[in-house]
Structure formats: C-alpha cells, structure tokens
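Note that this is a predicted model, so its numbers are computed, not measured. First the proteins, then the strands, lettered A, B, ... as listed; each starts at 1.
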Amino acid sequence: MELGQHLFGSVWPLVWTLLKIVAIVAPMMGAVAYLTLAERKVIGYMQIRIGPNRVGPRGLLQPIADGIKLLMKEIIVPSGANQFLFVLAPVLAIMPALAAWAVVPFTPELVLANVDASLLYIMAITSMGVYGVVLAGWASNSKYAFLGALRSAAQIVSYEIAMGFALVTVLMMSHSLNLVEIVNAQQGSLGFLQWNWIPLFPMFVIYVIAGTAETNRAPFDVAEGESEIVAGFHVEYSGMAFAIFFLAEYANMILIAALASILFMGGWLSPLPFLPDSILWLFAKMSFILFLFLWFRATFPRYRYDQIMRLGWKVFIPVTLVWLVIVGLLMQAPLRGLPILNLWFH
Amino acid sequence: MTFSAILTGAAGGVVTARNPVHAALFLVLAFFTASGLWLMLDAEFLAIALVLVYVGAVMVLFLFVVMMLNIDTERLRIGFWKHLPLGGGVALLMVIEMWLVVSGRQFSSMVEPTPESVSNTKQLGRLLYTDYVLSFELAAVILLVAIVAAIALTLRRRKDSKHIDPAEQVKVKASDRLRIVAMPVEKEL
C-alpha cells in the first residue's frame, strides 16, 4: 500500500479503488464463464448425456474456446437499425449487473462500499437492467426482437414488485438497509436455524422464483422464447455484442444468488455454530442457488405468457402483501412475547 | 458543475429530440444526473428513490408506450410558429415566478446539515410516519383512487375474450384429454 502511495501520489485512492473493482469483476467474469460450462454439464447429466467434453480435459476449456470464438465473430448491424442505441444496449445491459456488486459484502470487511442504503442501491441499480433489453429490441428494427423486448419489459416490471416486497420483509427483520447489518442480524447460537429463511420462508421462495424471472431464465425465458420468437431481444446481435448480453444474464444470476444467500441464508455465517464463519460459506450458498437455477431450466417447460403475468400479479404480490402483514403482527406486542420469536426478531 | 451541465443538456434534448424514443432516453439521463446531484448533496435516500421509481419503473413504462406509438413528427410541427408567442409568454412567466421564489428569503438554506452518523433513510422514515403521517396517507389514498379510476375507465369486458380458469386447468387429468383405445389388428401382416 505504501509503495502504491509513493508511486501514484494523490491519485492513489482512485487507483486503489480501481484495483478493488478489478479484484471483484475479474473473478466474477471467470465465474460467469464457468457457470456456462456448469450449466451445460449439469443439464447434460440431467438429460443423460455427457455435455461438452472435447476442449481440454473433461471439457474444462470449453468456455475459453467459446469466448475466443465470439470475439472473432463479426458484429453485424442490421440495416435500418438505430446504430447508436444498437451498440449502447449491451452496455446498458451489463452495467447494472456489474455496478450492483459494489455494495455486496463477501465478509464483514470485504466489501467495496459499505453504504447505509445498500439494499435500496441494489434495487435501484438492478431495475435499470431492463433498459438494455428494451433498447436492444427497439434498436434492432426487427419484429421478433421488438416482441421479445416488450415481453421482457412487462415481465421484469411485474416481478420487481413482488421482489421489492420480499426485500421489505427482510429489512423489517433486520431494521437496516445495510447488507452487512442484515447478515449480522441473522447471527445466533443456533446457526442456520436463526437465518431469515425460516420466518420468511414464503418470501425466500418468492425471491428465488422472481429472481429467475428477473434474469429471464427458463422457465420464464419468454423474452427469448426460441421456439416462438426465434431468440427474442438479441436475435439481431452477433459476436461480442451478443456475448455481452450473455455475460449480463449470467452475472445477474450470480448476483441474485449472492443476494438470496445474504438476505435469507446468512451470507458468510456458518450453518453450524461450532464451525467458523467464512467467505466459503457464502460461495457454497451461492452455488446452491445457482444449481437451483440450472435445475429449474432442465426441469420445467416454458411458462405461457398469460400464466407468467398471472403468477406475478395474482399469486406473488398478494402472498407477499399478506406475509408483510404477518411479519408486522409478529413484531407487535401480544405475539412478540412468544419466546420462540426471539430466535429471529431482535 | 459537470452534473448540472449534463442535466441541462439532457433536459434540452428531451424537448428538441425528433425521435420520441430518444426524447424518453434523454429524460432517463436527466433523472439519472439529477439523482447524482442529490447524492452529492447527501440526500442518498431521495437520490436512490429517484432512480428506483422514475428510471426503473415510470420511464420503462413510458418507453414501452412511446415505442409502440407511431408519431408523425411533421404534423406536430405545423402549429409551432402559431403557438410560439403564447408558449413563450407562459415560459417567461414561469421563469419569473421561479426566480421570485428561489431568490426569496424562505428559500435560503435554513436546514443545517445532518451529522454523518445519522441515516438519511431512517430520518425520512421517522418524519414521514410521525409528523407527516396524515399527508402521507392522504397522498397514498389519492394514488390508489387514481389507479382504480384508471382501471375502471379503461376496463371493458370483452365477450369474445378467451378466458381460462386456472383452477380448472390444474384439475385436468390425463384421462380427460387422452383416450387410449384398444384396436384389434386389422390385417395380419
């Protein structure tokens, strides 16, 4: 650190922050690459086939080969497309997926910016991801892309509401919008029994499902719907521009997994009280949620569009509203006296 | 300074852009920059709420509608010079009014900055739910009425809509849809 200060002088804090950002983003990109491989492998074995196994030992170099292939491909801008927005759209798609990581805590100390309203910040930043999809669909000047964009916009806006309510119950439990404090509020001598997922179980389920919908993953991938609208919003994209949409989707998946682990499964806290807390627990929990996402994709057929809307508006939002009231009641006088509630409510 | 320059530029873009989608995007940029300005004024809750509500929700729906409209810009331009004096007069009046308000004594900074340790969000929440609870709830009820009214105005029950009852769909069994018939072989091969 002192060497850095000596080398860069007054711009050192800026350089130091940039280094920290690289230290988060670079492993994230690696994780994204290998998540794609994991997805193909997991789904492969679920469908009783092997999956990619040609590039490198056991197919381990497959994502790198894919990356190089996409880099070498030509980017084609369709005629009649709005060039500026066509290029801007992938940037807008990946920006929120990366910017949200600024406030995600890996351990109590390991967080780029430990700000007060970090949960709000994440909600605000992730709500911007929809612009990438909408603009990609519009700027492509293609019917399929436009239909995909409209579907996706409607879906993301609807599921964001249920997700927001789920987050409200979490902040009611922890009395804070700060992600570090949200995890600390789940600490207790009983380990995983004191995490938020028990008192907020319906919210946890809704959060994971709404997260699947927000990231346009199967079975909610009507925005892509290759059997209906070819590939939806990114049908006109090729090469690296397409790869960036792909990266954004997987980065968003990892982000949702991290948030679900932090909000409902105690983040870096160890599940058993005699084991030490560690960042590895967070990674294990994230891997579990990510595996669920892959599992969903291999298991469920795509939802019909009206069913998606029905699930979001008529099932999830009422359930979250009811649970919001229940959590509020549990925090109030007559019920608050029950000793068992002391496990979760502080 | 940079932020206010971008903000003014974006606001100008909203009015001058020929393509309505571009105008909507300029508005997004304007909201975003305004939120940056608020963030620098230590109003982090307001800043984030601005992005969350306006950029994340309202403008998406705006864009949604604007993209599907087919606006003829030439026709919109016809009355420009005829209405310019009236519009200019109203604009001038508003500038004068705003100048009077902002330069007035009430608008000078009377709020002392809050100490760093106090959470902005907590303070706002406390004020909203204690001192201003009545006006807060009133605003909420007005919004609710507006939502109900908008739906009531536009809702029309179409007789020919293919309504599906999900409960009935769930109850369906394979035997309701599929009949397996045992057929004797018609001709020996």
Rounded distance [0.5 Å steps], [atom1] in [X] versus [atom2] in [Y]:
X: B:Leu52; Y: A:Ile122; atom1: CG; atom2: CD1; result: 12.0 Å
X: A:Leu88; Y: B:Leu25; atom1: CG; atom2: CG; result: 8.0 Å
X: A:Arg304; Y: B:Gln169; atom1: CZ; atom2: CD; result: 5.0 Å

Within a reach of under 6.0 Å around [atom1] of [X], are more than 12 heavy atoms found that belong to other residues, nucleotides or ligands?
X: A:Phe296; atom1: CZ; result: yes
X: B:Tyr54; atom1: OH; result: no
X: B:Leu134; atom1: CG; result: no
X: B:Tyr132; atom1: OH; result: no
X: B:Ile180; atom1: CD1; result: no

query = Taking A:Leu85, A:Leu135, A:Leu150 one by one, which has the highest count of heavy-atom pairs under 4.5 Å against chain B?
reply = A:Leu150
message = For B:Val28, is there any backbone N or O sitting under 3.5 Å from a side-chain donor or acceptor partner on A:Tyr131?
response = no
Side chain from CB out, backbone as N, CA, C, O: work out which of these in [X] comes under 4.5 Å of a heavy atom of chain B, or both, or neither.
X: A:Phe84; answer: neither
X: A:Ile161; answer: neither
X: A:Leu177; answer: side chain
X: A:Val134; answer: both

task = Indicate the atoms forming the closest heavy-atom contact of A:Ala153 with B:Val60, along with that distance.
result = CB-CG1, 4.3 Å
Region of B:Leu50 that comes under 4.5 Å of a non-hydrogen atom in chain A = neither
Heavy-atom contact with chain A under 4.5 Å, split by part of B:Ile48 = both
